[in-house]
Amino acid sequence: MKDNTPINGNDLMALGYPQTELLGIALKANKKRTGLTKVEMLAHYKMVLDKAEDYINHHVFGKLAKAIVEGVGQREEEDVIPLREHGVGYSIYGSEHIEEGAIKQMQTAAKLPVAVAGALMPDAHQGYGLPIGGVLATENAVIPYGVGVDIGCRMALSIFDIKGVEFYGMEGLLKEQLVKHTKFGAGHGFQGQYKAQHDILDRGEFNLNPFIKNLQDKAWEQLGSSGGGNHFVEWGLMEFLERDEVLNIDKGTYLALLTHSGSRGMGATIAGRYTQIAKDICKLPYEAKNLAYLDLKSEAGQEYWAMMNLAGDYASACHEVIHDKLTKAIGAEVLAKIENHHNFAWKEMYQGREVIVHRKGATPASKGVMGIIPGSMTAPGFLVRGKGEEDALNSASHGAGRQMSRTQAIKNLKAEDIKAVLADCGVQLIGAGKDEAPMAYKDIHQVMAAQGELVDVVAMFTPKIVRMADDGSRED
DNA sequence: ATGTCC
């Protein structure tokens, strides 16, 4: 009988494997396991630890054995920057909605020697380094994975001078133009005459070094594209229950365009390079290694800061291109435009001193600052105004947050059930995988209720025509 | 999130 009983980190630690990167290498050996039971595997693991030399050429354990012989994961104590015994304080909003893994990651982040304060938003879930929905203020240090892989991932909303009732006569045009002017999928961009122009491509930061210079062409190609995963471009109806003086918009329902995407391949490449540089310089204990940080005064820190800002502005430019194309295509006037990053780091004041506030999947919500918190492809999104809650480091959630992991959703959800929900909500969907189904997300109303102290709702957005990247299995 | 491990 084939025994597929999984082996996890705890099993290996019980055998004496240290909680260092050696544990990760050891777990990889389990992926090559063929026809061996868990008991047999564990017996091998024990012997590899005791006599690694004998396993150097083994087809399953060779890599692990080599790592042990080379002393990987037995780093000299003095190389490692210790975490503080007691972390700085952090507030949690809607803890009943938050998975334990995210809270553990926040606890680790709070123990960083550079940590000043933190906060966890109600849509938080486990990420790489800092949890998604995590906010962390640090002193003179930037954590590339505290910003995230998709630097400058953001929302942009255009509200048009078109009344909601007119939407139903425009559906054909809206859908056609949405398909015509947007581009989705990993690696995808525009070619030839379809490439967009924007001042961002002339920015001096592209001349900082050869690394960033090499990303300029890709940035041009992908300018105005949306990428994959949970990114979208959608038409919907924006409902103001009362007149908003600041926006100068009367009570009523308006056609609106909402977009969610980031800095595409360019930002991901910057994030990857600078987190690696940070890890080489800033060696932290195993559980904190993805929180490696750069001193802002160091050369690498200044390079990252400049490139992060460039990637943020590039992400903004991508939204601008999409909104400009579609606004022109439908010949509408824009009454108001609102936008915000939700994966970024800012220099802000906290209790009288300057700190670096990392928001990784969190909406800036300083007093009076507007932001957009999307729901799902069928659930409403909200235009909000920050209340400036210092305990939340002036932040709010960046969405509903997942209720099902991507794999769970793909495995358990049925295409006809998703279709039924879309039909019920009157939403037309172009693209998207099952992992983006409405049921894969938490109830946005509960998430909003959990952050009533952080933001006021200004208006509500109801999605009507949604485009996302095609399902991975259907991708060309 | 990203052409999914340089």
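Proteins come first, then strands; the chains are lettered A, B, ... in the order of their sequence lines, and each starts at number 1.
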Need one value for [X]: base, sugar-phosphate or nothing, where a base atom within 4.0 Å counts as base even if backbone is also close, heavy atoms only.
X: A:Arg406; answer: sugar-phosphate
X: A:Gly227; answer: sugar-phosphate
X: A:Gly262; answer: nothing
X: A:Gly267; answer: nothing
X: A:Lys218; answer: sugar-phosphate

Rounded to whole Å, please give me the gap between [atom1] in [X] and [atom2] in [N].
X: A:Asp470; N: B:dG3; atom1: CG; atom2: C1'; answer: 16 Å
X: A:Asn343; N: B:dT2; atom1: CG; atom2: P; answer: 11 Å
X: A:Gln222; N: B:dG3; atom1: CD; atom2: C1'; answer: 9 Å
X: A:Arg273; N: B:dC6; atom1: CZ; atom2: P; answer: 14 Å
X: A:Asn214; N: B:dG3; atom1: CG; atom2: P; answer: 15 Å
X: A:Glu221; N: B:dG3; atom1: CD; atom2: P; answer: 11 Å
X: A:Lys183; N: B:dT2; atom1: NZ; atom2: C1'; answer: 18 Å
X: A:Asp280; N: B:dC6; atom1: CG; atom2: P; answer: 15 Å

_Side chain to side chain, A:Glu221 and A:Phe190, heavy atoms closer than 4.5 Å_ =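 With C-beta onward as the side chain, the pair stays apart.
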
Show me the side-chain donor-acceptor pairs of residues 137-159 of chain A shorter than 3.5 Å, one per line, residues at least two apart or across chains.
{"residue": "A:Thr138", "atom": "OG1", "partner": "A:Ala141", "partner atom": "O", "Å": "2.6"}
{"residue": "A:Glu139", "atom": "OE1", "partner": "A:Arg353", "partner atom": "NH1", "Å": "2.4"}
{"residue": "A:Asn140", "atom": "ND2", "partner": "A:Asp295", "partner atom": "OD1", "Å": "3.1"}
{"residue": "A:Asp150", "atom": "OD1", "partner": "A:Ser263", "partner atom": "N", "Å": "2.9"}
{"residue": "A:Asp150", "atom": "OD2", "partner": "A:His231", "partner atom": "NE2", "Å": "3.3"}
{"residue": "A:Arg154", "atom": "NE", "partner": "A:His341", "partner atom": "ND1", "Å": "2.9"}
{"residue": "A:Arg154", "atom": "NH1", "partner": "A:Glu339", "partner atom": "OE1", "Å": "2.6"}
{"residue": "A:Ser158", "atom": "OG", "partner": "A:His323", "partner atom": "ND1", "Å": "2.6"}

_Going by salt bridge (Lys or Arg N to Asp or Glu O under 4.0 Å), name the residues that satisfy it together with A:Arg359, two or more places apart in sequence or in a different chain._
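In terms of salt bridge (Lys or Arg N to Asp or Glu O under 4.0 Å), with neighbours along the sequence ignored, A:Arg359 is linked to A:Glu348.
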
*Could you tell me whether the side chains of A:Gln451 and A:Ser397 share a donor-acceptor contact shorter than 3.5 Å?*
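A donor-acceptor contact under 3.5 Å links the two side chains.
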
